[in-house]
Each structure stands twice: as structure tokens, then as C-alpha cells.
Chemist: 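Before we start, here is the structure in question, set down as C-alpha cells.
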Amino acid sequence: MSGRRPTQADVARLAGVSRQLVSLALHGDPRVSPERRGAIQRAMDELGYRTNAAARQLASSRSDMIGVVLPAFANVFYGELAEALRNEGEERGLVPLLASISENASREVSAVERFLELQVSGLILVAPLLDMAALKDYGALVPTVVVTRDRAPETVDLVRFEDRANARTLTEHLLAKGYDPVVFVGYERPPAEGDSAWERQQGYRDAMRAAGKPPATFAAPGFGASNAPIAGLDEILRPGLGIVCHNDQLAIMVAGRVDAAGLRRGKEVGLAGFDNIRLTHTLGTSLTTVALDVAAIARTATELLEQRNNGRSEPEVVTMPAELIERASTSGYQPKRRWRLLDGRAGA
């Protein structure tokens, strides 16, 4: 073969079958008889044709690839989750194929459809924009796990968090530290049933209602790491304000606005988020957060896919634990002390 890579046509000639039959076998088509599948397998072994991927798929009639769809890599949390899924896949002999959709519903559909064409053995959809009907249809076609959404149809498995309860706890923490008022900063995001963005905002509202205080919400454009101004937020920045953010990425962006206003994080403005990304506990950040364990998320989602592929038919809903980690950004409201000069004038 003069050193060139073997092709499906080479495999077909050696196995004594058509190239189309080789293609069908590689995609696990049940119409290929065990005898011809064996002949194709032996030809592939002899030629060294895609032995690391295609041959394993042919031998088992199952792909070792899983399709992972994420909202945006600009959010550090999703990058950390993607890395955890890659590590988990390697441990289990699986190959995660990653697609970032930039928070675009049509791109999400295209990514899922492409993964189905590639005959993936399962899908992991992170914070999907898909509605319940679409999720139900995809779950009926291939094992599917939905991650970081609070509800999903019965055909898919769900890895969720108590987003509403966790947001309420975070808001109560800020109130207990003496910040008043406390506001919520989220994202402009298309509504989806069970979406974490909606659930966290509702948890904030629950806490404010229980405290007898009016809620106030602000929305940042996009769902990634946008530095665009948040309408109305700069105008209310003042000592005593508490801010609950939808996630740490957004909280770090808001922290820049607090610094620009000349206010002290923690002592004058309380600030907290969700996810516990690596940036939250670096020098100079020290952000209070609701910690989500990305390694545990990846492990659980991958285990659920394997269980489905091994014959489990009943849906599973796994609620993951979360932990409030208190850091300097909510150390407690401490107004600047004022002192009096000898001539009677006030100073700070």
C-alpha cells in the first residue's frame, strides 16, 4: 500500500465485501451478519485500519464516543466541567466529543443532531435550552443525561442541584451579615422549564419575601464572560449593598464594578455567587460561593450513561450536594468609621 493509510475500500477488498457493508458495520448496523462482521474485523486488524476507535466499535457494536453539549466555554465553570468529563471518560475508555453552542438554541440542535449522526453512545447536555418535548424525543433515541437543570422529561436522566433552596440560603447569609438591600444579578437568558437561572432567582425572591424586604433583580447580557455594563447596577452601588450573582463568573465581573466605585468588597458591599470556580479562591478575590463539585458531576453523569447502555430503562434523578463556602467578600457590613478633628469638623 506504499505507506498510505488504509481505507474502507482496502478493508472491503481484503474482507471480500462491499465498501458500503464496511461502513454499515462500523456504524453498528444490526443487518450486518456476525460472519461478515468478523471478516471485516480481521481485515481491519490486518491492515491497521482505525484500530483504536473503529475496531473497538465494530467488535462491540457500540460507539465509545459520547456527545457533550455546553452553553459556552467563556464561563470558567463549563471549562472545568469539560475537563472533568474528559478525565472521567479516559478512566472508562470513553471519548467525550465537546460542542460549545455560545448560548444559541439553533446551534444546540445542530450539535445534538451531528452527534446522533456520529452514532454516539450517549449525550450529556449541560444547562440545555431545549424544551421538554425536544429533550423527551432525544432521550428516546439515545441515552441522555441533563446536567444543571432542575427538571427533565421521563426519557432522560437528570443530574440536578437544589438551586432554589441554595439561592435562598445564600441570600439569607447576606442578610444575616447586615447587608441591606440585597439584590440579585442574573443573565438575559431564554426561558426554559427547570432552568437554573430561573430557579436561583426564585430562591432569592423566597428569602427576600420571608425577610419582608422588596426584591430587586438585574440582568447581564449573555451567559458567558461578557464585560458589558449591567443596566442600573452602577447607580445603586453604595455601602451596605448585598449582591447575589447567578454564578461566580458574573460575581467576578460585578466585583470589578464595585472596585471601580471605590467600595470595599466584603466590608461595604457583600458579594456572592455559585460554582466555586478556581478563580474564587485566588489571591485578591476570596469570593463567597455555593460550591458545586465538578468531578462528582462528571462521574455521576458518565455513570448514568453507562447504566443506560447496560440495560437500565427507568429514569434516574440525582440531586447533588452543594456547600456554602464563606469567604472575605461577605465578611459583614462595616461602615467606615468617622472621627472628629480638634476643630470639630468630621473626617473619615
Side-chain angles (χ1 to χ4, degrees), residues 73-81 83-84 148 161-163 165-187 196-197 200-201 203-204 207 216-218 220 223-230 233-234 236-297 320-337 348:
F73 282 133
N75 186 331
V76 175
F77 174 74
Y78 296 127
E80 292 180 0
L81 180 55
E83 181 68 12
T148 69
F161 300 89
E162 294 285 0
D163 281 304
N166 291 332
R168 176 168 181 159
T169 297
L170 193 59
T171 306
E172 290 170 344
H173 168 72
L174 285 163
L175 290 168
K177 288 293 185 176
Y179 302 106
D180 189 13
V182 174
V183 303
F184 183 90
V185 177
Y187 286 104
S196 64
R200 291 174 186 177
Q201 185 175 144
Y204 157 78
T217 61
F218 299 83
F223 201 58
S226 171
N227 288 315
I230 301 168
L233 183 62
D234 285 354
I236 69 164
L237 288 176
R238 62 171 179 78
L241 182 68
I243 307 173
V244 176
C245 293
H246 171 76
N247 59 28
D248 294 338
Q249 190 87 16
L250 184 52
I252 292 171
M253 186 177 81
V254 171
R257 306 307 307 161
V258 173
D259 294 346
L263 296 166
R264 298 172 297 166
R265 280 184 261 163
K267 294 181 178 180
E268 290 184 292
V269 174
L271 184 61
F274 282 78
D275 298 338
N276 195 35
I277 61 176
R278 294 186 183 98
L279 295 175
T280 61
H281 41 91
T282 55
L283 184 64
T285 303
S286 192
L287 179 70
T288 293
T289 185
V290 174
L292 311 179
D293 188 338
V294 292
I297 296 170
M320 304 294 292
E323 178 187 4
L324 173 61
I325 298 179
E326 181 180 350
R327 297 194 179 104
S329 68
T330 59
S331 57
Y333 177 46
Q334 300 175 37
K336 285 185 177 179
R337 294 181 180 178

Chemist: Could you please spell out the steps behind the side chain to side chain contact (heavy atoms under 4.5 Å, CB included) verdict for Met320 and Asp293?
Modeler: CA-CA 8 Å; Met320 304 294 292; Asp293 188 338; 5.8 Å; no
Chemist: Is the shortest side-chain heavy-atom distance between Phe218 and Val183 below 4.5 Å?
Modeler: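 Yes, close enough: below the 4.5 Å cut-off.
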Chemist: For the atom pair CD (Glu326) and CG (Leu287), what is the distance rounded to the nearest 0.5 Å?
Modeler: 12.0 Å
Chemist: Just verifying a value: how many Å separate Ile243 CD1 and Ile236 CD1, rounded to the nearest 0.5 Å?
Modeler: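 Ile243 atom CD1 to Ile236 atom CD1 measures 6.5 Å (nearest 0.5 Å).
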Chemist: With side chains defined as the heavy atoms from C-beta onward, is the minimum distance between Thr288 and Leu324 less than 4.5 Å?
Modeler: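 Yes. Closest side-chain heavy atoms under 4.5 Å.
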Chemist: Kindly indicate whether the side chain of Tyr204, heavy atoms from C-beta on, has any atom under 4.5 Å from the side chain of Val182.
Modeler: yes
Chemist: Quick check: are there more than 12 heavy atoms from other residues, nucleotides or ligands sitting under 6.0 Å from CZ of Arg278?
Modeler: no
Chemist: Relative to each other, are the rings of His246 and Tyr187 parallel, tilted or perpendicular (30° and 60° limits)?
Modeler: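 It falls in the perpendicular class, over 60°.
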Chemist: Could you pull out the closest heavy-atom pair between Leu271 and Ser329, with the gap in Å?
Modeler: O-OG, 2.6 Å
Chemist: Looking at every non-hydrogen atom in both residues, tell me the closest pair between Gly273 and Leu170 and how far apart they are.
Modeler: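 Of all heavy-atom pairs spanning Gly273 and Leu170, the closest is O-CD2, 3.4 Å.
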Chemist: Taking all atoms of both residues into account, what is the closest heavy-atom pair of Tyr333 and Pro335, and its distance?
Modeler: OH-CB, 3.5 Å
Chemist: Is any side-chain heavy atom of Asp275 closer than 4.5 Å to one of Asn247?
Modeler: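 Yes, at least one pair of side-chain atoms sits under 4.5 Å.
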Chemist: In chain order, what residues pass the side-chain hydrogen bond (donor to acceptor under 3.5 Å, both in side chains) check against Thr280, with sequence neighbours excluded?
Modeler: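 By the side-chain hydrogen bond (donor to acceptor under 3.5 Å, both in side chains) rule, Thr280 matches Asn276, Arg327.
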Chemist: Tell me, do Arg200 and Cys245 make a side-chain contact under 4.5 Å, heavy atoms counted?
Modeler: no
Chemist: Contact between Thr148 and Leu292 at the side-chain level, heavy atoms closer than 4.5 Å - yes or no?
Modeler: no
Chemist: Pairing donors with acceptors under 3.5 angstrom, does anything connect the side chains of His173 and Thr330?
Modeler: yes
Chemist: Can you check whether Ile230 reaches Arg257 side chain to side chain, under 4.5 Å on heavy atoms?
Modeler: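 Side chain of Ile230 against side chain of Arg257, heavy atoms only: no contact under 4.5 Å found.
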Chemist: Determine whether Leu263 and Leu241 make a side-chain contact, defined as any pair of heavy atoms from C-beta on separated by less than 4.5 Å.
Modeler: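 In short, these two side chains do not touch, never coming nearer than 4.5 Å.
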Chemist: Compare every heavy atom of Ser331 with every heavy atom of Lys267, then report the nearest pair and how far apart it is.
Modeler: N-OG, 3.9 Å
Chemist: Show the nearest heavy-atom pair for residues Tyr179 and Val269, with the distance to one decimal.
Modeler: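 It is CE2-C, 3.8 Å.
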Chemist: What is the distance from atom CD1 of Ile277 to atom CD of Glu80, rounded to the nearest 0.5 Å?
Modeler: 6.5 Å
Chemist: Could you tell me which non-hydrogen atom of Ala207 sits nearest to which non-hydrogen atom of Glu172, and how far apart they are?
Modeler: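 The pair with the smallest heavy-atom distance is CB-CG, 4.0 Å.
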